[in-house]
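To start, the structure under review is shown below, and the notes come after it.
Values reported hereafter were calculated over all heavy atoms of this structure, with side chains retained and with hydrogens, waters and symmetry mates removed. Residue numbering restarts at 1 for every chain, and letters A, B, ... go by the order of the sequence lines.
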Amino acid sequence: MPRRLTRSFFIRNVHKVAADLIGATLLFDGVGGRIVELEAYDHTDPAAHSFRGLTSRNAVMFGPAGYAYVYRSYGIHWCLNLVCEPKGSASAVLIRAIEPTTGLPAMRRRRGVSDARLLCSGPGRLCEALRITGADGGLRLDKAPFELFARSDPVEVVTGVRIGITKAVDLPWRYGLKGSRFLSKPFPAAPKSGA
DNA sequence: TGCCCGATTAACT
DNA sequence: GTTAATCGGGCAA
């Protein structure tokens, strides 16, 4: 039986949490799967919502670790973040892709597609598949409807630059499960020496 | 009050 | 590869 993640898991540096979440299982109302891709953000980061300081939208990011920050993207999609530490850094990880393992029929119904690789590979897609909305912002991650379980097997974590942003584009704050078929986009191959 | 634009996605050519 | 959809946040006026 995998270990249930408690709030203390998130009371750590956002990059440590990010690396440890690859391969972990995320369920919402009993539907979800294995986290294969995420990105880190913090208040020193021009690409982060928290960069310009506390506002009503991003207030959850400035609060305690272990809570969900959900925001609307492009006026259309919802995106899920997990708030981390250090305290006051307004840091969080954006869950970008999971490998669907539980509740496939519900996810297919909600997404309107059958291909498993199109269910949860992308931050907006996975929120639609898990039915996470702005109403879930501010909820604790260690209580229902959220359930998080630590990975039970070793994984290889790869990093790269983040996707879909126009600022701080060079920070290697994207984390992924090496070789996963459920990434929203592949990680570039390691550059050859001498390139 | 108005304006610009985004941590995206799907449907185009 | 390009672009429309769609709307609230954040900043200028």
Polar contact flag, side-chain donor to acceptor under 3.5 angstrom, Arg96(A)-Ser184(A): yes

Touch class at under 4.0 angstrom, heavy-atom based, for Ile165(A) against every strand present: sugar-phosphate

Phosphate OP1/OP2 of dT9(B): any His77(A) side-chain N/O under 4.0 Å: no

Value in whole Å for how far the P atom of dG9(C) lies from CG of Leu54(A): 14 Å

Nearest-angstrom distance from the residue atom NE2 of His49(A) to C1' of dC11(C): 16 Å

Length of the CG-P vector between Leu171(A) and dA7(B), whole Å: 14 Å

Euclidean distance, atom NZ of residue Lys167(A) to atom P of dG10(C) [Å, nearest integer]: 11 Å

Opposite nucleotide pairing with dT6(C), Watson-Crick or G-U, both atom distances under 3.5 Å: none

Stepwise side chain to side chain contact (heavy atoms under 4.5 Å, CB included) test for Phe10(A) and Val83(A): CA-CA 7 Å; Phe10(A) 296 96; Val83(A) 178; over 6 Å; no

d(CZ, Arg125(A); P, dA11(B)) in whole Å: 10 Å

Rounded distance (nearest 0.5 Å) linking atom CH2 of Trp173(A) with atom CG of Asp42(A): 4.0 Å

Rounded distance in Å - CD1 (Ile95(A)) to P (dT8(B)): 14 Å

Rounded P spacing from dA7(B) to dG1(C) in Å: 22 Å

Below 4.0 Å: OP1/OP2 of dA10(B) and any side-chain N or O of Arg111(A): yes

Nearest to side-chain heavy atoms of Ile76(A), which nucleotide of dT6(C), dG10(C), dA10(B): dT6(C)

Residues Ile35(A), Glu37(A); criterion side chain to side chain contact (heavy atoms under 4.5 Å, CB included); working and verdict: CA-CA 6 Å; Ile35(A) 298 171; Glu37(A) 181 187 344; over 6 Å; no

Closest to the Arg52(A) side chain, choosing from dT8(B), dA7(B), dC11(C): dC11(C)

First of Asn81(A) and Leu118(A) reached from the 5' end of DNA chain B, by closest nucleotide: Asn81(A)

Rounded distance in Å - CG (Asn58(A)) to P (dG9(C)): 11 Å

In one Ile/Leu/Val/Met/Phe/Trp/Tyr side-chain cluster, 4.5 Å: Tyr175(A), Val158(A): yes

Pair assignment for dA7(B), Watson-Crick or G-U wobble, requiring both distances under 3.5 Å: none

Rounded distance (Å) that lies between atom C1' of dT9(B) and atom CG of Leu126(A): 13 Å

Sugar-phosphate only, base, or nothing, as touched by Ser184(A) at under 4.0 Å among non-hydrogen atoms: nothing

Any N/O donor-acceptor pair, Tyr71(A) side-chain to dA7(B) base, under 3.5 Å: yes

Any Arg72(A) side-chain N or O less than 4.0 Å from OP1/OP2 of dT8(B): no

Touch class at under 4.0 angstrom, heavy-atom based, for Arg162(A) against every strand present: nothing

N or O in side chain of Thr55(A) less than 4.0 angstrom from dG10(C) OP1/OP2: yes

His49(A)/Tyr41(A) under ring pair (Phe, Tyr, Trp, His ring centres under 6.0 Å): CA gap, chis, key distance, verdict: CA-CA 8 Å; His49(A) 290 172; Tyr41(A) 290 85; 7.5 Å; no

Aromatic stack Tyr41(A)/dA7(B): centroid gap under 5.5 Å, interplanar angle under 30°: yes

